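All values derive from a computational prediction rather than experimental measurement.
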Amino acid sequence: MYTSQRGSSSSRHHRHHANGNAASAKNGSARPGARSQTLLINSKIRHIKKKDGEPLWRNDIQYDFLKTLFYDETRVFTNSYDGSPNHTYSEIYIDAMARSSKSSRVLREKLLGDQQAGLNIAMVCLLVNIGRMNTTLNFFPEMRAQLRTYHPIPSLQTYSDPTAYKQLQDAPRLKSILKGACEDRPEPSTLDQLLLQPRLPRTNPINLVFILATYARRVTDLFFVEPFEFYDFIMNTSVSSESRAKAFLWLMWVYLESDLSPEQLRANPFGYGQEGGMKIPAFMTLSAEDLDKENVDTDPEKEFAERMIQERKRMYRFLTLYRDVYPDDY
């Protein structure tokens, strides 16, 4: 059974997180004119870290949260590039990725022409966007770079054709795509700059996530109810994926589509918030029984992971031999 956020008696320092507790980002304002790439390094969230070859399971990436978020069909967002209304969050997020100058023509066509592939790539991009996934991760076993680790993502790669696993790119390329979306046109780079934007939407959804992650403590103070905070969206596994996703969408709509007035906050299409509609909707804490029902890896996904683990071992032996024979290539 669920218990509401109001009824939780746990303290901020004793919540259960995936792979540890997430600290808030530092408060304060970035220097005027700071480029958006500074937003990529200020996050204090804990990165996913595993040994080379180990899969990123559903719980590692919080698949149920990502799926609820990107499969939501509420059409209340405006495309910040062309002004077209009535989009889902996934549509404006994927569109911003596709418009990035760092997206290749092939990737752009894949994002816009293959819905499932676009959603899978967007899910991984959000993990990079919010700071949960750093640039040392790679998702296909042929990877040769010494400073990166290979990790299959079974929930996103099992059900594609045998070569489609490469569609996820790797984390450095995905980060480059996200940076392009923030740099190709003038965008606000601090929370204060964002709030001063005269038009709605104030920015694209990718840049918004970077800003909110950078000013996580300030956002927590503004819109969260104790004992929860911004990084609980992606880190707190004791809270239901559905309530986290709805609250995330609530916050995205506030900054992209509303004037932040009490009237508009109360009219948020993703639910009536706490404290008279002024804070995010309540998180729902999971019972032990319900927790076991979230992010359950399927048998096909486990089989895919085992195949990829063995493939990586085979490739590793080959790459080790290649490095010994051709050391100048490394």
Side-chain angles (χ1 to χ4, degrees), residues 25 27-40 42 69-70 72-103 108 111-112 118 122 125-126 129-130 177-216 218-223 230 233 246-273 277-281:
N27 195 359
S29 298
R31 60 183 176 83
R35 295 305 304 148
S36 56
Q37 58 261 37
T38 62
L39 303 180
L40 307 181
N42 292 335
L69 172 64
F70 281 107
D72 186 272
E73 289 296 323
T74 310
R75 295 187 170 275
V76 292
F77 291 101
T78 304
N79 187 306
S80 67
Y81 293 92
D82 60 23
S84 58
N86 303 321
H87 293 284
T88 65
Y89 182 74
S90 65
E91 287 173 349
I92 63 168
Y93 194 93
I94 292 172
D95 180 78
M97 290 168 54
R99 291 177 185 268
S100 170
S101 61
K102 303 299 184 180
S103 289
R108 187 174 298 112
L111 287 169
L112 299 177
C125 271
L126 184 66
N129 202 173
I130 205 169
I177 291 167
L178 297 175
K179 286 176 62 178
C182 301
E183 298 171 354
D184 293 339
R185 65 176 187 177
E187 300 281 1
S189 60
T190 70
L191 190 58
D192 289 335
Q193 291 175 12
L194 178 74
L195 297 177
L196 291 174
Q197 293 302 301
R199 61 179 176 84
L200 296 177
R202 295 179 175 86
T203 187
N204 68 61
I206 292 172
N207 193 51
L208 176 62
V209 172
F210 278 137
I211 291 175
L212 298 187
T214 300
Y215 295 92
R218 187 169 162 190
V219 174
T220 295
D221 292 341
L222 287 170
F223 289 112
F230 178 81
F233 280 139
K246 290 297 182 182
F248 185 91
L249 289 167
W250 188 96
L251 192 63
M252 295 298 103
W253 186 87
V254 164
Y255 279 108
L256 291 174
E257 302 288 342
S258 83
D259 62 10
L260 284 90
S261 66
E263 294 76 19
Q264 291 202 3
L265 291 180
R266 293 189 187 102
N268 192 304
F270 294 101
Y272 191 80
M278 298 297 101
K279 306 283 188 176
I280 64 167

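- With rounding to the nearest 0.5 Å, the separation of CG in Leu112 from CD1 in Ile94 is 8.5 Å.
- One finds the OG atom of Ser101 at 10.0 Å from the CD1 atom of Ile177 (value rounded to the nearest 0.5 Å).
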- request: I would like to know whether Ser80 and Glu187 meet side-chain contact (heavy atoms from CB on, under 4.5 Å); could you show each step before the answer?
  value: CA-CA 11 Å; Ser80 67; Glu187 300 281 1; 5.5 Å; no

- request: Could you walk me through whether Lys246 and Asp72 pass the side-chain contact (heavy atoms from CB on, under 4.5 Å) test, one step at a time?
  value: CA-CA 9 Å; Lys246 290 297 182 182; Asp72 186 272; 2.6 Å; yes

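- Residues Pro281 and Trp250 approach most closely at CD-CG, 3.4 Å, considering heavy atoms.
- Shown here for Ala247 and Ile280, the closest heavy-atom pair between the two residues is CB-CD1, 4.0 Å.
- Of all heavy-atom pairs spanning Cys125 and Leu178, the tightest one is O-CD1, 3.5 Å.
- Residues passing the salt bridge (Lys or Arg N to Asp or Glu O under 4.0 Å) test with Lys279, sequence neighbours excluded: none.
- Taking the salt bridge (Lys or Arg N to Asp or Glu O under 4.0 Å) definition, one finds that Arg99 meets it with Asp82, Asp95, sequence neighbours left out.
- How far CG of Leu208 is from CZ of Arg202: 9.5 Å, rounded to the nearest 0.5 Å.
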- request: For the pair Leu191 and Leu194, evaluate side-chain contact (heavy atoms from CB on, under 4.5 Å) and give the outcome as yes or no after the intermediate values.
  value: CA-CA 5 Å; Leu191 190 58; Leu194 178 74; 4.0 Å; yes

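- With rounding to the nearest 0.5 Å, the separation of CZ in Phe270 from CH2 in Trp253 is 9.0 Å.
- Heavy-atom minimum distance, Leu265 versus Ser258: CD2-OG, 4.5 Å.
- Side-chain contact check for Asp192 versus Arg218: some heavy-atom pair is nearer than 4.5 Å.
- Asn207 places no side-chain N or O within 3.5 Å of a backbone atom of Cys182 that could act as its donor or acceptor partner.
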- prompt: Leu256 and Ile92: side-chain contact (heavy atoms from CB on, under 4.5 Å), yes or no, with the steps?
  reply: CA-CA 11 Å; Leu256 291 174; Ile92 63 168; 4.0 Å; yes

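- Applying the salt bridge (Lys or Arg N to Asp or Glu O under 4.0 Å) test to residues at least two apart or on different chains, none of the pairs has a partner in residues 257-270.
- Looking at heavy atoms from C-beta onward, Leu195 lies in side-chain contact with Leu260 at the 4.5 angstrom threshold.
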task: Take Lys102 and Glu183 through the test salt bridge (charged side-chain N to carboxylate O under 4.0 Å, His left out) and record every step on the way to the result.
output: CA-CA 10 Å; Lys102 303 299 184 180; Glu183 298 171 354; 5.9 Å; no

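- In plain terms, the two heavy atoms of Leu212 and Val219 that are nearest each other are CD2-CG2, 3.7 Å.
- Evaluation of the ring pair (Phe, Tyr, Trp, His ring centres under 6.0 Å) rule for Tyr255 yields Phe223 as partners, not counting sequence neighbours.
- Pairing each heavy atom of Arg108 with each of Ser100, the nearest pair is NH2-O, 3.4 Å.
- Taking Tyr81 as the reference, Asn204 meet the side-chain hydrogen bond (donor to acceptor under 3.5 Å, both in side chains) condition, with sequence neighbours excluded.
- Expressed to the nearest 0.5 Å, how far CZ of Phe77 lies from OG1 of Thr88 amounts to 8.5 Å.
- No donor-acceptor pair closer than 3.5 Å links the side chain of Asn79 to the backbone N or O of Ser84.
- Listed by chain and residue number, nothing satisfies the side-chain hydrogen bond (donor to acceptor under 3.5 Å, both in side chains) test with Ser103 (two or more places apart in sequence, or in another chain).
- Put simply, the side chain of Asn268 reaches to within 4.5 Å of the side chain of Val254, judged on heavy atoms.
- With Tyr89 as reference, Leu249 is the one residue of Leu249, Val76, Thr74 to meet the side chain to side chain contact (heavy atoms under 4.5 Å, CB included) rule.
- Remark: Leu69 CG to Ser90 OG distance equals 8.5 Å, nearest 0.5 Å.
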